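To find a chain, count down the sequence lines: A is the first, B the second, and so on, and within it residues start at 1. Because the structure is a prediction, the values reported are computed rather than measured.
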Amino acid sequence: MGKVPCNSDIALIFYRLATLSQFLDENPFITRAYQKAARNIESLDVDIKHLFDAGKLKAIPGVGEEIAKGIAEIIETGTCKRYEAMKREIPCDVFGLLGIPGIGPKTVRRAYEQLGITTPDELEKAAIEHRLRKLQGMGVKSEAKILTAIRRSKEMDKRITLDVALPIARIAMEYLERCPHVSNVTATGSLRRHRETVGDIDLIATSDADHSEAVLKAFGSMPGVTRVIKSGATEASVILKNVRIDLRIADRASFGSLLQHFTGSKEHNIRLREIAIRKGLKLSEYGITDHETGILTPCGEEAEVYRMLGLPFIVPELREDRGEIEAAIAGSGSLPDLVTEDDIKGDLHVHSKWSDGANSVPELADAAMGRGYEYLCISDHSKSRGIAGGLSEECVIRKINEIDAFNDDNESSRGFRVLAGSEVDIRADGTLDYPDRILEMLDIVIAAVHTGFSQDRRTMTSRIVRAIVDGHVDILAHPTGRLLGERMGYEVDIDRVIEVAAETGTALEINASPRRLDLSDINARKAKEAGVMLAIGTDAHSTYHLGYMEFGVHVARRAWLEPCDVMNARGTTELLRRIGRG
DNA sequence: GCCGTTTTCGGCCCGACTGTTTTCAGTCG
């Protein structure tokens with residue numbers, strides 16, 4: 001038997017069942033039931049196998065008799081009969097075809113039934129040969145649209161990281177702010193929820209009805225726009241620097257409703273609309289309509305939307321339908337009081353010129369003080385990281401001496417302390433890259449895996465566990481090793497790592513580099529729930545990178561972290577006590 | 001297929017834009 005399916009493997013099968021049932025034109029509510037179950041399985045914070053063992057599968061929302069049976073079957077056999085049967089019934093690459101923007105289940109079905117098309121390549125060929133336009137409901141324009149969509153989907157990257165998305169969003173927002181008759185230009189969607197990557201950029205703005213179309217036209221002719229996807233009376237979509245930007249215009253009176261609607265997530269909004277229906281109301285981007293009287297009440301402020309539904313305000317980072325609705329219903333006291341950037345007292349992961357950083361210790365310290373920090377941990381690479389200027393043992397001692405001298409000159413006068421740290425390699429066998437003698441001289445030891453990424457799950461897990469039970473490690477850096485959009489993390493049983501971190505009192509890092517964001521929001525939340533402290537570090541290699549702290553705090557907020565869960569939300573004295581240096 | 005302070009049956013989120021239609025279906029977010 002193959003590997004035991006995990007939550008996301010099982011969720012994937014139900015997502016695919018949803019897609020296949022859509023293709024087979026089954027009752028659309030069956031499709032939705034599969035999707036809902038898949039979403040809830042995906043966002044479970046426990047291993048679904050535990051629920052299965054305890055006979056509690058039906059405790060998962062959206063999981064009833066049939067889906068519970070399916071889950072059991074997948075856990076026991078790796079797949080389920082219904083899924084295999086449907087795949088046999090449909091000898092075409094439904095998933096590949098539906099991956100093309102503008103192609104939906106109806107088109108796939110017609111193309112398959114009437115033209116025998118089974119793959120994206122065949123679809124492209126049919127478009128080139130002008131056979132698609134003969135399909136019912138298709139014309140010359142649809143055919144051309146599909147052809148460009150296929151070509152674009154081959155070259156377009158899927159999701160982009162925030163360091164790329166934010167500057168592009170700012171260009172568009174500054175342009176719009178200069179346009180006449182426009183105000184309240186605001187980023188919404190996944191960007192406002194601070195997801196770790198975004199698929200597109202969603203903007204909204206207010207204008208009066210007389211001018212909205214002109215504003216949208218102006219948006220389409222913004223410098224740098226390479227394509228206008230659509231442009232109507234209230235919304236438009238364009239491509240700028242290879243990124244799609246959607247803009248929606250509303251009047252001031254319904255701005256709060258619009259903001260709420262476009263911030264999403266889709267799943268969160270569906271839950272809100274269900275709540276509205278139960279109260280005899282209808283929620284839309286225009287406001288809240290009383291079902292009986294038909295009277296629409298637009299919300300100027302976003303909080304009004306929640307208030308009218310009888311809920312406390314829910315901050316955007318929590319709007320993922322991962323328990324925030326239930327917490328809100330239970331009362332505002334059940335929602336977390338999330339950590340903010342103002343709570344952060346220092347950066348715990350920074351590289352200096354001693355290894356591969358661009359700035360000296362005093363330069364980094366000045367920049368940190370400029371950000372209002374009380375401390376900064378200079379954590380250069382250890383000796384094995386030759387390629388990144390890893391420090392020999394005698395270099396570490398010289399660095400510690402430099403830091404001591406700096407603190408002697410500055411600590412009492414400026415109320416700021418540099419902490420001597422190191423990002424120490426965890427070797428392939430789980431030992432650390434410095435002897436105990438050196439580790440004990442450091443204020444903070446950050447352990448990290450930088451080599452041997454292809455180790456199997458068991459080896460990697462016991463390697464990391466060995467390192468953190470060693471007793472010298474304060475923080476485990478970028479615990480999964482992933483690089484967003486570039487590289488999956490190494491194989492590791494993160495639940496086991498969290499468990500051992502809890503036992504040993506080791507903090508886990510939220511690496512704030514926008515290419516990493518590791519731990520992820522979901523794993524950081526698991527860590528919090530296991531009683532593990534999180535340390536937000538920017539992994540800065542220059543003073544500029546200290547600004548990445550905002551990305552790390554966003555992940556922390558999405559992980560429901562409060563200041564007490566974050567190691568560097570503690571002041572110097574408390575931090576030193578925690579790491580045994582106070 | 002799931003679910004219940006209207007329901008164990010009859011519901012299931014809402015609206016914009018495009019293209020092919022001549023009143024609407026398909027797709028998307």
Could you give the distance separating [M] and [N] at their [atom1] atoms, to the nearest angstrom?
| N | M | atom1 | result |
| --- | --- | --- | --- |
| B:dT23 | B:dT18 | C1' | 15 Å |
| B:dT8 | B:dG1 | C1' | 15 Å |
| B:dT6 | B:dG11 | P | 16 Å |
| B:dC28 | B:dT20 | P | 16 Å |
| B:dT21 | B:dT27 | P | 15 Å |
| B:dT22 | B:dC17 | P | 22 Å |
| B:dC12 | B:dA16 | C1' | 22 Å |

Between [atom2] of [N] and [atom1] of [X], the distance in whole Å:
| X | N | atom1 | atom2 | result |
| --- | --- | --- | --- | --- |
| A:Lys36 | B:dC3 | NZ | P | 7 Å |
| A:Lys58 | B:dG4 | NZ | P | 12 Å |
| A:Glu274 | B:dG11 | CD | P | 16 Å |
| A:Gln136 | B:dG19 | CD | P | 18 Å |
| A:Ile277 | B:dC3 | CD1 | P | 16 Å |
| A:Leu147 | B:dG19 | CG | P | 15 Å |
| A:His268 | B:dC14 | NE2 | P | 15 Å |
| A:Arg159 | B:dG29 | CZ | P | 11 Å |

Point to revise | Phosphate OP1/OP2 of B:dC17 contacted by A:Thr234 side-chain N/O (<4.0 Å) | key: yes

Compare the minimum distances between each of [options] and the side chain of [X], then state the nucleotide with the smallest one.
| X | options | answer |
| --- | --- | --- |
| A:Ile30 | B:dG1, B:dG19, B:dC17 | B:dG1 |
| A:Asp246 | B:dC17, B:dG19, B:dG29 | B:dG29 |
| A:His261 | B:dT18, B:dG19, B:dG29 | B:dG29 |
| A:Glu66 | B:dG29, B:dG1, B:dC17 | B:dG1 |

Assign the ring pair [X] / [Y] to parallel, tilted or perpendicular, where the plane angle (0 to 90°) is split at 30° and 60°.
| X | Y | value |
| --- | --- | --- |
| A:His181 | A:His211 | parallel |
| A:Phe551 | A:Tyr548 | tilted |
| A:His268 | A:Tyr306 | tilted |

Exercise for review: Please determine if A:Asp246 and A:Arg244 form a salt bridge, counting it only when a charged side-chain N lies under 4.0 Å from a carboxylate O.
Suggested key: yes

Check your understanding: Any ion pair linking A:Lys36 and A:Glu267 (charged N to carboxylate O, less than 4.0 Å)?
Key -> no

**Study point:** Sub-4.0 Å heavy-atom contacts from residues 105-135 of chain A onto DNA chain B, ordered by number
**Key:** A:Pro105, A:Lys106, A:Thr107, A:Arg110

Exercise for review: Can you sort out which residues in residues 280-297 of chain A have a heavy atom within less than 4.0 Å of DNA chain B? Ascending by number, please.
Suggested key: A:Lys282, A:Leu283, A:Ser284, A:Glu285, A:Tyr286

**Study point:** Pair partner, B:dT8 [Watson-Crick or wobble, under 3.5 Å]
**Key:** none

Check your understanding: A:Asp518 side chain to A:Ile510 main-chain N or O, any donor-acceptor pair under 3.5 Å?
Key -> no

Exercise for review: Map A:Ile229 and A:Phe29 onto DNA chain B by nearest heavy atom, then report which one ends up closer to the 5' terminus.
Suggested key: A:Phe29

Study note, to complete from the structure: 5'-most contact on DNA chain B (nearest-nucleotide basis), A:Arg248 vs A:Leu98, goes to A:Arg248

Review point. Picking from A:Asp9, A:Ile60, A:Asp53, what satisfies side-chain contact (heavy atoms from CB on, under 4.5 Å) with A:Ile48?
Key: A:Ile60

Review point. Should we say atom CZ of A:Arg525 is surrounded by more than 12 heavy atoms from elsewhere, each under 6.0 Å from it?
Key: yes

**Study point:** Within 6.0 Å of CD in A:Glu129, more than 12 heavy atoms from elsewhere
**Key:** yes

Exercise for review: Supply the atom-to-atom distance A:Glu274 CD to A:Ile325 CD1, rounded to the nearest 0.5 angstrom.
Suggested key: 9.0 Å

Practice item. Could you verify whether a donor N or O on one side chain and an acceptor N or O on the other, from A:Ser190 and A:Arg195, lie under 3.5 Å apart? Key: no

Point to revise | A:Phe95 six-ring face occupied by A:Arg16 cation (under 6.0 Å, within 45°) | key: yes

Point to revise | Presence of donor-acceptor pair under 3.5 Å, side chain of A:Asp200 and base of B:dG29 | key: no

Report which part of the nucleic acid [X] touches: base, sugar-phosphate, or nothing (heavy-atom distance under 4.0 Å, all strands).
| X | value |
| --- | --- |
| A:Ala233 | sugar-phosphate |
| A:Lys266 | base |
| A:Asn269 | nothing |
| A:Ser21 | nothing |

